[in-house]
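Remarks on the structure that follows.
Chain identifiers are assigned alphabetically (A, B, ...) following the order of the sequence lines, protein sequences preceding nucleic acid strands; residue numbering begins at 1 within each chain.
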2 protein chains.
Amino acid sequence: MAAQRKISERTVERISRYRRLLESIHATSDNPFIYSHEIASLCGLTAAQVRRDLMTIGFSGSSARGYEVAELLRSASSFLGFSHERRMALVGIGYLGRALLDYFVDRNPLFKLCAAFDADPGKVDRVIHGVRCYPVTQLKTVLATHQVSTGIITVPADAAQNIAWELVEAGVTGILNFAPVQIRVPANVFIENLDLTSALEKVAYFAGNFSDKERTKK
Amino acid sequence: MAAQRKISERTVERISRYRRLLESIHATSDNPFIYSHEIASLCGLTAAQVRRDLMTIGFSGSSARGYEVAELLRSASSFLGFSHERRMALVGIGYLGRALLDYFVDRNPLFKLCAAFDADPGKVDRVIHGVRCYPVTQLKTVLATHQVSTGIITVPADAAQNIAWELVEAGVTGILNFAPVQIRVPANVFIENLDLTSALEKVAYFAGNFSDKERTKK
DNA sequence: CGCTTACTGTGAAAAGATTAACAGCGTTAA
DNA sequence: TTAACGCTGTTAATCTTTTCACAGTAAGCG
Ligand SMILES: NC(=O)c1ccc[n+]([C@@H]2O[C@H](COP(=O)([O-])OP(=O)(O)OC[C@H]3O[C@@H](n4cnc5c(N)ncnc54)[C@H](O)[C@@H]3O)[C@@H](O)[C@H]2O)c1
Ligand SMILES: NC(=O)c1ccc[n+]([C@@H]2O[C@H](COP(=O)([O-])OP(=O)(O)OC[C@H]3O[C@@H](n4cnc5c(N)ncnc54)[C@H](O)[C@@H]3O)[C@@H](O)[C@H]2O)c1
C-alpha cells in the first residue's frame, strides 16, 4: 500500500486518461492486448511516454504482444485508489457546481459525491441530481459523519479561501478549486487551483499568435 | 505585432492571472507600484518566476519602486490580445456549456462570446444569457459572418472530434475542449484538452497518498 | 530450431521550466 | 554628495519532464 515516492502530477493525470481509455477498449474491443504506441496514438502522446508512465506505476507488458488490457485496467484503477470508496463534497451550488454534480454523481460508484453545500437558503435542504444539499453552516457537522477526503470549491472568489479552511478543518486532504484565486492550504493538503479563465485566455492567445506558425501540442 | 518566438503555455497562463490580479489591485489600491514579491505572494509563486515572466513579455520595472501597476496592466492586456476584439463560439449547451456561457458573457467586452450551438432543437433559436443559440447545422454559416477565432467544445465525447473539424473548417484557430477525448487538429490550430475527470482523480489520488507526506505544490 | 521481427524496459541525453545568485541601479537618508 | 539599501534584469545552475536509442526478449515463421 505504501506508494513509491514522488509520482508526478502529470503522470497521475495521464494514468487517469489511460484508465478511461482502457475501460472503453475493454468494453468494446475483443483484442485482449494493446501496444504502447496504440495507447499513445489514442491519447496524443508518444509511445515512450506511455511506457515510462506504466513503468512508473510498476506495470509490465510482454514484448511482442504488448500490455494485457484487463490487467492494465485493473492496475491503473488500483493505482488511482479505486479499490476502496472515496468520498467527495462540493461547496457552491451555482451554475458550475450544478454541472459538476450532474456529471460526477454516479459516474463511478467508488468515487462518491456525498454532500453539497451552499450559503443560499433557497438552494439547500433538498436533493439535486441525487446529492443532498446542506446549508454551508453545517459543513463541519455533516462532513464529520461522512469521512470525506476530497472537496470541490465552486463558490465566488471572495468566499473560496474561507471555505478551503473549513474543508481542511473538517479533515479534507485534497481540494479542487475553481474560484479564480490562489488558495493556500497546509502542506499536508493537496490543492489544485483550476483557473478556467486562464485556460480560455491561453487558447485565445495562441489562436491569435499561432495560426501562421507551426507547433505540435505538448 | 510579430510576437517573439516560443512563449510557453505556462507563462501565458500566469500572465493571464497577473492581469486579473492587477486589474483588481488597480481598482482598489491607491499605490501605483507593486513589487515582484508582492505579485508572487498573491499568486502563490516565487518572485524570480514573476520577474522572469515579465521579462519574457518585455516589461521593465524600476529598481527600488517595482512595477507600475497601470502600465503593467496595460502591457499584460496587450500581450494577451485585449487590444482588439476577439470572438468566441461555444458548441454544446448542456450543463457545462451553460455555466460557461453565464460566466464568460460580458465578462470582458473585448472577449466576445457571440454564438452558441446545439443539436437539440429544444435548446436553440433563443437567447441564453444574452448569447444567440443556433442549430449546430448552421455552424459554418453563422461563423462565416462572425470572424470567430476561438471555439469551446462542451458536447459529449463521441461528437467532439466532428465538431472540432467543423470549427476548424469555419476558420477557428484555437479550441478549448472539455469532452474527455484527445482531439486532433491541424498543426496550425491550437487545442487545449481540459479533462476535468483527470483533474479530479488527480486531486483524489493525492488526497489519499499525501496526507502523511509533505509536498509543496508546484 | 534458429532466424526475423517488433515489441518492451530503461539508462542516458535532451529539452524545458524553475530557482538561485548577483551585478547594477534608482531612491532615500544623512 | 555620498553611502546604504532593496529592488530589478539576467545569467547560470538546478531540477523536472520528455524523448532517444538500444539491449533484451518473446512470438511467428520457414
Ligand atoms: N461558471 C464558469 O464557467 C466559471 C468560469 C471560471 C471561473 N468560475 C468560478 O467558479 C466559481 C463558481 O462559478 P459559478 O458560475 O457557478 O458561480 P455562481 O454565482 O453561479 O455560483 C456560486 C454559488 O456559491 C454560493 N455561495 C456564495 N457564497 C458562498 C459561501 N460563502 N458558502 C457557500 N456557498 C456560497 C452561491 O449561493 C452560489 O450558489 C466562481 O468562483 C467563479 O469565479 C466559474
Ligand atoms: N459537466 C461536467 O462537470 C463535466 C465534467 C467532465 C467532463 N465533461 C464533459 O463536458 C461535455 C459536456 O458535459 P455536460 O455535462 O454539459 O453534458 P450535457 O449532456 O449536459 O450537454 C451536452 C450538450 O451537447 C449537445 N449535443 C450533443 N451532441 C451534439 C452535437 N453533435 N452537436 C451539438 N450539440 C450536441 C446536447 O444536446 C447537450 O445539450 C461532455 O463531453 C462531458 O463528458 C463535463
Side-chain angles (χ1 to χ4, degrees), chain A residues 4-18 22 31-69 71-72 75-76 79 182 193 198 202 206 214-218, chain B residues 4-18 22 31-69 71-72 75-76 79 182 193 198 202 206 214-218:
Chain A
Q4 60 272 59
R5 255 343 44 192
K6 288 293 248 184
I7 289 177
S8 83
E9 286 186 41
R10 292 284 187 77
T11 298
V12 176
E13 280 178 17
R14 284 190 300 262
I15 300 292
S16 160
R17 294 209 270 124
Y18 301 157
L22 290 162
N31 183 347
F33 288 91
I34 192 166
Y35 294 121
S36 63
H37 68 260
E38 296 177 297
I39 298 176
S41 151
L42 289 162
C43 291
L45 302 165
T46 66
Q49 177 87 83
V50 172
R51 292 204 301 276
R52 163 94 39 204
D53 286 337
L54 298 192
M55 185 183 120
T56 305
I57 67 166
F59 190 83
S60 285
S62 107
S63 53
R65 272 190 310 180
Y67 303 94
E68 211 181 328
V69 173
E71 273 304 310
L72 181 47
S75 186
F79 170 80
Q182 215 62 14
N193 291 296
S198 289
K202 175 176 75 171
F206 285 111
E214 91 290 38
R215 172 101 181 282
T216 342
K217 180 71 204 314
K218 159 208 58 194
Chain B
Q4 62 272 59
R5 253 346 40 194
K6 288 294 250 184
I7 288 176
S8 83
E9 287 186 41
R10 292 284 187 79
T11 298
V12 176
E13 280 178 15
R14 284 191 300 261
I15 301 292
S16 160
R17 294 209 269 124
Y18 302 158
L22 290 162
N31 184 349
F33 287 91
I34 192 166
Y35 294 121
S36 63
H37 68 259
E38 296 177 297
I39 297 176
S41 149
L42 289 161
C43 291
L45 302 165
T46 66
Q49 176 86 85
V50 172
R51 292 203 301 277
R52 168 154 310 271
D53 286 338
L54 299 191
M55 185 182 117
T56 304
I57 66 166
F59 190 83
S60 285
S62 107
S63 53
R65 272 190 308 181
Y67 302 94
E68 210 180 330
V69 173
E71 274 304 310
L72 181 47
S75 185
F79 170 80
Q182 215 64 15
N193 291 296
S198 288
K202 175 175 76 171
F206 284 111
E214 90 293 34
R215 173 97 185 285
T216 344
K217 180 70 203 317
K218 158 208 64 191

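Proximity of A:Tyr67 to the phosphate of C:dG9: a side-chain N or O atom is located under 4.0 Å from OP1 or OP2. When the side-chain nitrogen and oxygen atoms of B:Ser36 are compared with OP1 and OP2 of D:dT8, one or more of them lie within a distance under 4.0 Å. Here B:Arg65 reaches the OP1 or OP2 of C:dT27: one of its side-chain N or O atoms lies under 4.0 Å away. Phosphate contact (OP1/OP2 of D:dT17, side-chain N/O of A:Gln49, threshold under 4.0 Å): absent. Listed pair B:Ser63 / C:dT27 fails the phosphate criterion, with no side-chain N or O lying under 4.0 Å from OP1 or OP2. Between A:Arg52 and C:dA12 there is no side-chain polar atom (N or O) within less than 4.0 angstrom of OP1 or OP2. For the OP1/OP2 pair of C:dC7 and a distance below 4.0 Å, the side-chain nitrogens and oxygens of A:Ser62 include no atom meeting the criterion.
The distance from atom CE of B:Met55 to atom P of C:dA23 is 18 Å, rounded to the nearest whole Å. At whole-Å resolution of the value, NE2 in B:His37 and P in D:dC5 are 17 Å apart. Going from atom CG of B:Asn31 over to atom P of D:dC7 covers 13 Å, rounded to whole Å. The nearest whole Å value for the distance from the CG atom in A:Leu54 to the P atom in C:dT10 is 12 Å. Atom OH of A:Tyr35 is separated from atom C1' of D:dT25 by 13 Å (rounded to the nearest Å). Atom-to-atom, CD of A:Glu68 to C1' of D:dA27 comes out at 16 Å; the value is rounded to the nearest Å. If you take CZ of A:Arg10 and P of D:dT19, they are 11 Å apart, rounded to a whole angstrom. Distance CZ (A:Arg51) to C1' (D:dT18): 13 Å, rounded to an integer number of Å.
Atom OG1 of B:Thr11 is separated from atom CD of B:Gln49 by 7.0 Å, given to the nearest 0.5 angstrom. Once rounded to the nearest 0.5 Å, the distance linking CG of B:Leu72 with CG of B:Leu54 reads 5.5 Å. The OG atom of A:Ser36 sits 11.0 Å away from the CG atom of A:Asp53 when rounded to the nearest 0.5 Å. Rounded to the nearest 0.5 angstrom, A:Tyr18 OH and A:Ile34 CD1 are separated by 11.0 Å.
Within the nucleic acid shown, B:Thr11 has no heavy atom closer than 4.0 Å to any nucleic acid atom.
Judged purely by atom type and a 3.5 angstrom limit, A:Ser41 has no side-chain atom pairing as donor or acceptor with the backbone of A:His37.
Checked against D:dT19, D:dT17, C:dA20, the side chain of A:Thr46 finds its nearest nucleotide in D:dT19.
In this structure, B:Asp53 and A:Gly61 both approach DNA chain C, and ranking their closest nucleotides by distance from the 5' end singles out A:Gly61.
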